[in-house]
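Labels below follow one simple rule: chain letters A, B, ... track the order of the sequence lines, proteins then strands, and each chain is numbered from 1. All values reported here derive from a predicted model rather than from experimental measurement.
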There are 2 protein chains.
Amino acid sequence: MRDPSAFLRKHGLPITAQRLAVLRAVSAHPHSTADALAEAVRAEIGSISRQAVYNALGTLVEKGLLRRIQPAGSPALYEDRVGDNHHHLICRTCGKTVDVACAVGDRPCLKAADNAGFKIDEAEVIYWGTCPECLPLAPARSEEQSPLKISESDKPTQNPSI
Amino acid sequence: MRDPSAFLRKHGLPITAQRLAVLRAVSAHPHSTADALAEAVRAEIGSISRQAVYNALGTLVEKGLLRRIQPAGSPALYEDRVGDNHHHLICRTCGKTVDVACAVGDRPCLKAADNAGFKIDEAEVIYWGTCPECLPLAPARSEEQSPLKISESDKPTQNPSI
DNA sequence: ATCAAAATATTGACAGAGTCTAAAAAAATA
DNA sequence: TATTTTTTTAGACTCTGTCAATATTTTGAT
């Protein structure tokens, strides 16, 4: 997004310092939590209320400027890459999240085998696994761990993006 | 699962009334929250603590007898259909959740276009849309609403399964 | 049947993430 | 610049889920 101000204006949204700063923070730190983004914004413009961050993220997601992903066991993450139907690959150990192109092509994921009468508008795909850095640390894995729940002791680098 | 007791024994788990009741509750009300399951169990055996429900669900998921799904914006849901790699279709309006067979086949979802060096162990797919009952209520939809977050006013049938 | 050891259930406090509300402040509009 | 609309702030609150200590139940062997 080249001109965030123009975009906000186009949608009839008042342009505020908070919204612009949140937008820049997401762009600079994709796949970050609301909390991490609030910190990033504070580093840039001094201060912002928690609610203002949630407000900004909420309306920007609603208007389609941002995308919210909510992995199991993790707070919501935000990114500014929208409209290309890409998916995500998340490390169960450190939480690192990377984008992956849709495996099936452009937007075919929207077709379920049987839609049960639903009108489907989104296919959300999350690949769970272990990232290259964490592979040597935890080669074996039992049936399931609570994903993204890192005990304070064995976390290598939480929120590596920010 | 025909004989839950045998299964528990096989895994070295003590057989408790709570675990068996939770198991039956999930079987009777698939795609329910921990809270709803607690209610169902209470209706059957009188009482159970919240923690016991979480404990039972946790260990049963861990042992592979149950599956936990955690849709964005919703508390975790549980089901007893495991091991067949099916996916889910969720109504944004009323939260109704139905099973759908994997569109691509047996377990090919495990292949991402580019695995970025990750060792992928699960592909989680959720189709978001509007169910037949809710379609007439909300024909138009803006870019995104907070999924599964139903304002008290316009919810048709929350937790229809229980 | 009974008893000791191990595991689970209960209870109540606690934590993280997010929402709600009313009042204050800032943008937009005229 | 005055007015109206919208956003921001601050703080209380809710909802899911977890932690920890104690009481209870299962187990397995007598």
Side-chain angles (χ1 to χ4, degrees), chain A residues 5 8-23 32-39 41-42 45-63 68-78 95 145-153 158-159, chain B residues 4-6 8-23 32-39 41-42 45-63 68-78 95 145-153 158-159:
Chain A
S5 299
L8 294 176
R9 205 173 292 116
K10 187 173 68 180
H11 282 276
L13 293 174
I15 296 164
T16 68
Q18 290 85 346
R19 284 212 257 251
L20 293 176
V22 166
L23 224 26
S32 293
T33 64
D35 207 54
L37 292 168
E39 280 312 312
V41 168
R42 289 196 187 99
I45 66 170
S47 82
I48 190 173
S49 71
R50 190 168 48 137
Q51 189 61 51
V53 175
Y54 280 108
N55 285 349
L57 291 172
T59 58
L60 292 170
V61 166
E62 203 176 318
K63 296 302 183 184
R68 173 196 287 132
I69 58 183
Q70 292 175 259
S74 157
L77 308 178
Y78 297 85
Q145 306 176 10
S146 54
L148 278 189
K149 270 302 182 184
I150 296 91
S151 61
E152 283 305 318
S153 46
Q158 179 62 312
N159 254 318
Chain B
S5 300
L8 294 176
R9 204 172 294 118
K10 189 172 65 179
H11 282 276
L13 294 174
I15 297 164
T16 68
Q18 289 85 347
R19 285 212 258 248
L20 294 176
V22 165
L23 225 24
S32 293
T33 63
D35 206 54
L37 291 168
E39 281 310 313
V41 169
R42 291 197 186 100
I45 66 170
S47 80
I48 191 173
S49 70
R50 191 166 49 134
Q51 189 63 50
V53 175
Y54 279 107
N55 285 348
L57 291 172
T59 59
L60 292 170
V61 166
E62 204 176 316
K63 296 301 183 183
R68 175 195 286 131
I69 58 183
Q70 292 175 255
S74 157
L77 309 178
Y78 296 86
Q145 307 175 10
S146 55
L148 278 190
K149 268 304 182 182
I150 296 91
S151 60
E152 281 306 317
S153 46
Q158 179 62 313
N159 255 316

**Message:** Below the 4.0 Å mark, does D/dT25 have OP1 or OP2 next to a side-chain nitrogen or oxygen of B/Gln18?
**Reply:** no
Each nucleotide N or O in nucleotides 1-5 of chain D that has a protein N or O under 3.5 Å away: list the pair and distance.
none

**Asked** What's the CG-P distance between A/Leu20 and D/dT7, to the nearest Å?
**Response** 13 Å
**Item:** Closest to side chain of A/Arg19, choosing from D/dT7, C/dA9, D/dT16
**Value:** D/dT7
**Prompt:** Closest heavy-atom contact between B/His11 and B/Lys63?
**Reply:** ND1-CD, 3.8 Å
**Message:** Test side-chain contact (heavy atoms from CB on, under 4.5 Å) on B/Leu8 and B/Leu60; report intermediate values, then the result.
**Reply:** CA-CA 9 Å; B/Leu8 294 176; B/Leu60 292 170; 3.8 Å; yes
**Request:** Would you mind reading off the distance between B/Asn55 atom CG and C/dT11 atom P, rounded to a whole angstrom?
**Result:** 14 Å
**Complete:** Assert: residue with more 5' nearest nucleotide on DNA chain D, out of A/Gly12 and A/Ser47, is A/Gly12
**Prompt:** Just how far, in rounded Å, is P of D/dT7 from CD1 of A/Ile45?
**Reply:** 16 Å
**Whole-Å gap separating C1' (D/dC15) and OH (A/Tyr54)** = 13 Å
Collect all protein-nucleotide pairs involving nucleotides 28-30 of chain D in which both atoms are nitrogen or oxygen and the distance is under 3.5 Å.
none

**Message:** Using a 4.0 Å heavy-atom cut-off, does A/Gln51 contact any base of the nucleic acid, only the sugar-phosphate backbone, or nothing at all?
**Reply:** base
**Request:** Can you see which heavy atom on A/Gly73 is nearest to which on B/Gln70, and at what distance?
**Result:** N-NE2, 3.4 Å
**Request:** Could you tell me whether the side chain of B/Arg42 and the main chain of B/Ile48 form a donor-acceptor pair under 3.5 Å?
**Result:** yes
**Request:** Might you point out which heavy atoms bring A/Ala17 and A/Ile45 nearest each other, and give the distance in Å?
**Result:** O-CD1, 4.5 Å
**Message:** Testing the basics here: between B/Arg68 and B/Ala76, what is the closest heavy-atom pair and its distance to 0.1 Å?
**Reply:** CG-CB, 3.9 Å
**Message:** Testing A/Leu37, A/Asn55, A/Val41 one by one against A/Val22 for a side-chain contact (heavy atoms from CB on, under 4.5 Å), which residue passes?
**Reply:** A/Val41
**Message:** Which heavy atom of A/Arg19 sits nearest to which heavy atom of A/Pro14, and what is that distance?
**Reply:** NH2-O, 3.0 Å
Heteroatom pairs (N/O) under 3.5 angstrom, protein to nucleotides 28-30 of chain C:
{"unit_1": "C/dA28", "atom_1": "OP1", "unit_2": "A/Ile15", "atom_2": "N", "d": "2.9"}

**Asked** So does A/Arg50 get a side-chain nitrogen or oxygen closer than 4.0 Å to the phosphate oxygens (OP1/OP2) of D/dT9?
**Response** no
**Asked** NE2 of A/His11 versus C1' of D/dT6: gap in Å, rounded?
**Response** 17 Å
**Request:** Indicate, with a heavy-atom threshold strictly under 4.0 Å, whether A/Ala76 touches base, sugar-phosphate, or nothing.
**Result:** sugar-phosphate
**Prompt:** Where is the tightest heavy-atom contact between B/Pro71 and B/Leu77, given as atom of each residue plus distance?
**Reply:** CG-CD1, 4.0 Å
